[in-house]
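A note on names: the letters A, B, ... follow the listed sequences, proteins ahead of strands, and every chain is numbered from 1.
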Protein chains: 2
Amino acid sequence: MFNPELFFKALGDKTRLRLLNLMGEQEICVCYLVEILEQGQPKISRHLAYLRRAGVVEARRDGKWMHYRIVMPPDTGAAQILRQTLAWLQEERSMQADRSRLSKACCSPAKYVALQGAPLPVSVMLESR
Amino acid sequence: MFNPELFFKALGDKTRLRLLNLMGEQEICVCYLVEILEQGQPKISRHLAYLRRAGVVEARRDGKWMHYRIVMPPDTGAAQILRQTLAWLQEERSMQADRSRLSKACCSPAKYVALQGAPLPVSVMLESR
DNA sequence: AAAACACATTCGTCAAGGCGTATAAGTAAG
DNA sequence: CTTACTTATACGCCTTGACGAATGTGTTTT
């Protein structure tokens, strides 16, 4: 029932890989994705839509904000490959840098004025308990 | 040193996935790929070139014939994903059918006249000992 | 109701990629 | 050397997809 071609097409783009890396296993607000990737909001939104059509992510509305999360495909093989891919990405320098900037963005609002008032990523909320 | 984007782009095409499935862990002559996939020789050749550029396969000349084989990427993560992908493909109906037609093609030359005299795939040579 | 905000979508443009047809390149056989 | 054979590449055409800019949609605030 799952389409390998569509699945790999979704992974065949730098920006989409960066988005998936930032989502990790947690849901995250779009505003953070835009700020961290420094890539223009419509561009990010289009790539998120692509990932949604491919069945790789799902969205949840929270007032003005949209939260995206990775959804594991029902197909066991695909899920395994997706998990493996996420682990692989974490080994990459640039992907680590993205994740590092994400943590900092949540703790230094002065540097990321646009994010003041935005809902914190779950990972950061857990850290600050 | 390995490029995830290029890697997944290479896997994001039905024909290329079928080619990789037919190669499996063994090298195979192009003429078989053309016959089994029934897809026109230039098309197959272009997709093989794409896979070569992406570093997923390598070619070996044997007189008039060219043999292609999957080459595991030096990057451990990529290699793991590639192996899992190949295993995943083998679970698909259509991919099993391709592999089944490959065995038959080597044993019934009458049906595949174009293949008479072509070098047998290694897997078939092993079976017929 | 109006304004502000977060995000999605549309539009026009451009590059990448897929395909069939024709042709080139490399090798073996006559 | 010419021919036949296997594979690769060039060409023209078309589709997909990526992008910035502008605009639309849904929600909260005033």
Side-chain angles (χ1 to χ4, degrees), chain A residues 3 5-19 22-23 27-54 56-69 105 112-121, chain B residues 3 5-19 23 27-54 56-69 112-121:
Chain A
N3 182 352
E5 184 183 0
L6 182 61
F7 176 69
F8 287 121
K9 270 185 166 59
L11 299 181
D13 179 274
K14 185 76 184 303
T15 303
R16 289 196 287 270
L17 289 175
R18 294 179 72 188
L19 289 172
L22 283 178
M23 290 186 228
E27 80 172 8
I28 182 173
C29 179
V30 172
C31 55
Y32 286 102
L33 300 173
V34 172
E35 288 299 315
I36 302 300
L37 267 59
E38 300 175 299
Q39 291 285 302
Q41 177 265 320
K43 173 173 170 177
I44 299 298
S45 202
R46 274 192 305 260
H47 281 295
L48 289 172
Y50 194 115
L51 290 171
R52 226 183 321 118
R53 283 195 302 273
V56 180
V57 306
E58 280 180 357
R60 177 181 69 86
R61 177 173 283 281
D62 170 26
K64 295 188 293 187
W65 295 284
M66 292 290 286
H67 297 259
Y68 278 80
R69 67 182 174 286
Y112 297 86
V113 186
L115 291 179
Q116 287 180 350
L120 286 173
Chain B
N3 183 351
E5 184 183 0
L6 182 61
F7 176 68
F8 287 121
K9 270 185 165 58
L11 298 181
D13 180 273
K14 184 77 185 302
T15 303
R16 289 197 287 270
L17 289 175
R18 293 179 73 188
L19 289 172
M23 289 185 228
E27 77 172 11
I28 182 175
C29 179
V30 172
C31 57
Y32 285 101
L33 299 173
V34 172
E35 287 299 315
I36 301 301
L37 267 59
E38 300 175 300
Q39 291 284 300
Q41 177 265 321
K43 172 173 170 177
I44 300 297
S45 202
R46 275 192 304 261
H47 282 295
L48 289 173
Y50 195 115
L51 289 172
R52 226 181 322 118
R53 283 195 303 272
V56 180
V57 306
E58 280 179 358
R60 177 180 68 86
R61 177 171 285 283
D62 171 26
K64 296 188 291 188
W65 295 284
M66 292 290 286
H67 298 259
Y68 278 80
R69 66 184 175 283
Y112 298 86
V113 186
L115 293 180
Q116 288 179 349
L120 285 173

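Taking atom NZ of residue B:K64 and atom P of nucleotide D:dT6, one finds them 5 Å apart after rounding to whole Å. Regarding B:H67, its NE2 atom lies at a distance of 12 Å from the C1' atom of D:dT7, rounded to whole Å. Between the CG atom of A:L37 and the P atom of D:dA18 there is a distance of 15 Å, given to the nearest Å. Distance CZ (A:R53) to C1' (D:dT16): 11 Å, rounded to an integer number of Å. In this structure, B:L19 atom CG and D:dT7 atom C1' are separated by 14 Å, rounded to whole Å. We find that CG of A:L48 is positioned 10 Å from P of C:dC7, with the value rounded to whole Å. Atom-to-atom, CD of B:E35 to P of D:dT6 comes out at 10 Å; the value is rounded to the nearest Å. To the nearest angstrom, C1' of D:dT7 lies 7 Å from CZ of B:R61.
Under the salt bridge (Lys or Arg N to Asp or Glu O under 4.0 Å) criterion, A:R18 pairs with A:D98, not counting sequence neighbours. For A:K14, the side chain to side chain donor-acceptor pair (under 3.5 Å) criterion is met by no residue, not counting sequence neighbours. Listed by chain and residue number, A:E58 satisfy the salt bridge (Lys or Arg N to Asp or Glu O under 4.0 Å) test with A:R69 (two or more places apart in sequence, or in another chain). Under the salt bridge (Lys or Arg N to Asp or Glu O under 4.0 Å) criterion, B:R53 pairs with no residue at all, not counting sequence neighbours. With sequence neighbours excluded, the residues that form a side-chain contact (heavy atoms from CB on, under 4.5 Å) with A:R16 are A:D13, A:H47, A:Y50, A:L51. By the side-chain contact (heavy atoms from CB on, under 4.5 Å) test, B:V30 is found to be paired with B:V34, B:L48, B:M66, B:Y68, residues two or more places apart in sequence or in another chain being considered. For A:K64, there are no side chain to side chain donor-acceptor pair (under 3.5 Å) partners, not counting sequence neighbours.
Side-chain N/O atoms of A:Y68 include one lying less than 4.0 angstrom from OP1 or OP2 on C:dA8.
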N/O to N/O distances under 3.5 Å, protein versus nucleotides 12-14 of chain D:
none

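B:R61 places a side-chain N or O within donor-acceptor distance of the main-chain N or O of B:G63, the cut-off being under 3.5 Å.
Contact of the A:F7 side chain with the A:L11 side chain is registered, since non-hydrogen atoms from C-beta on lie closer than 4.5 Å.
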- Message: Base contacts versus sugar-phosphate-only contacts with protein, heavy atoms under 4.0 Å: please encode nucleotides 15-23 of chain C as B, S and - from 5' to 3'.
- Response: --SSBBBB-
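Out of C:dA6, C:dT9, D:dT27, the shortest distance to the side chain of A:W65 is found at C:dA6. When distances are taken from the side chain of B:V30 to each of C:dT27, C:dA6, D:dT7, the shortest belongs to D:dT7.
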